[in-house]
Amino acid sequence: MNDIILSIVAVTLLILLLIAGIAITFFLTNRQRMRQEQELMETKLAFEQELRQVETEVSEHIMGQFANELHDNIGQLLTAMHIEIENRKLDQPDNQESYKPLEIYLGEVTQQLRLLSKTLNNDFIAHSGLLTAIQLEIDRLNNLKRFNVQLDADSAGTPLKKDQELMVFRIFQEIVQNIMKHAECKEVYVRLKTSPEEFELQVKDDGSGFDYNEVFKQNKASGLRNILKRAALAQLECTIHTKKGGGTSYILKKSPHSYIL
């Protein structure tokens, strides 16, 4: 009888040990699989971030080259045109008045070129700061007389890194280009709220607005997607509020966990 009981106990213990072994093996295998999946996800994320960073650097490099070309080559041509007009005025003193419209247009083009070349130049933006760059872009937009842009800004420095400030400015340029293409507005309000701990940029227009969900469904939002993509790359929060006939508001904020990639 005792032998039977011992046999039952031994078999039961063996079964329990087997079950425990299977459970431990399953747990360790599952844990290893989860670790591998996490590592794969982190590797994929790091690759995507690196790819986006390279794309951004290439884009910024191209814009820098374009800014230099504008300043050096096109600027020289405009200077040559201005000299030619002055020479013709000297040769034809009776026709000086006829050259005034050309001088006005040439002056406006030259001013626009200078503003545009500065806002495309990364070094200028990094040296001058975000507020100065935004003010220059607003001056350029107001000179175009497509709509009126008002700026309300704090003079305090931002908590952002230089790379983030540059990205914010490129996002701002993307926003105003989107407004020029689609908004059909008369007024644009820009609010820059900054402190050593806080950053918020708001751009609001009184234009036609749009159906946010419908636009994204139809894949007609390349500009909006680029804005959101750049904001995510800079670890910033971007929200867009709009409705048909009610204008559009873009709000860009510093994320609580913001950092430079």
Within-4.5 Å side-chain heavy-atom neighbours: D206 and K186 | yes

So do L192 and D154 actually touch side chain to side chain, heavy atoms under 4.5 Å?
-> no

Return the minimal non-hydrogen interatomic distance between [X] and [Y], and the atom names on each side.
| X | Y | answer |
| --- | --- | --- |
| A133 | F169 | O-CE1, 3.3 Å |
| P159 | S195 | CD-O, 3.2 Å |
| I227 | I171 | CG2-CG2, 3.8 Å |

Got a sec, which residues hit side-chain contact (heavy atoms from CB on, under 4.5 Å) with [X], two or more places apart in sequence or on another chain?
| X | value |
| --- | --- |
| E200 | K193, Q202, I251, K253 |
| I138 | I134, Q135, N142, V149, L151, F172, V190 |
| E165 | L130, T158, L160, K162 |

CG on L228 to CG on L233, rounded to 0.5 Å | 12.5 Å

Is there a donor-acceptor contact under 3.5 Å from the side chain of Q164 to the main chain of K161?
-> yes

Could you tell me whether a side-chain N or O of T242 sits under 3.5 Å from a main-chain N or O of G209, the two making a donor and an acceptor?
-> no

Qualifying ring pair (Phe, Tyr, Trp, His ring centres under 6.0 Å) pairs, either residue in residues 207-254, two or more places apart = Y212-F216

Check side chain to side chain donor-acceptor pair (under 3.5 Å) between E187 and all other residues, then give those that pass, not counting sequence neighbours.
-> N148, Q150

Enumerate the residue pairs fulfilling salt bridge (Lys or Arg N to Asp or Glu O under 4.0 Å) with a member in residues 141-153, sequence neighbours excluded, ordered by first and then second residue.
-> D152-R191

side-chain contact (heavy atoms from CB on, under 4.5 Å) between H182 and N178, intermediate numbers included = CA-CA 6 Å; H182 307 293; N178 217 48; 3.6 Å; yes

Trace of the side-chain contact (heavy atoms from CB on, under 4.5 Å) decision for R230 with R170 = CA-CA 8 Å; R230 288 192 170 198; R170 297 304 179 209; 2.6 Å; yes

Would you indicate whether E184, at its atom CD, is surrounded by more than 12 heavy atoms from other residues, nucleotides or ligands within a distance under 6.0 Å?
-> no

In the single-linkage hydrophobic clustering (I, L, V, M, F, W, Y; side-chain heavy atoms under 4.5 Å), do I179 and Y189 co-cluster?
-> no

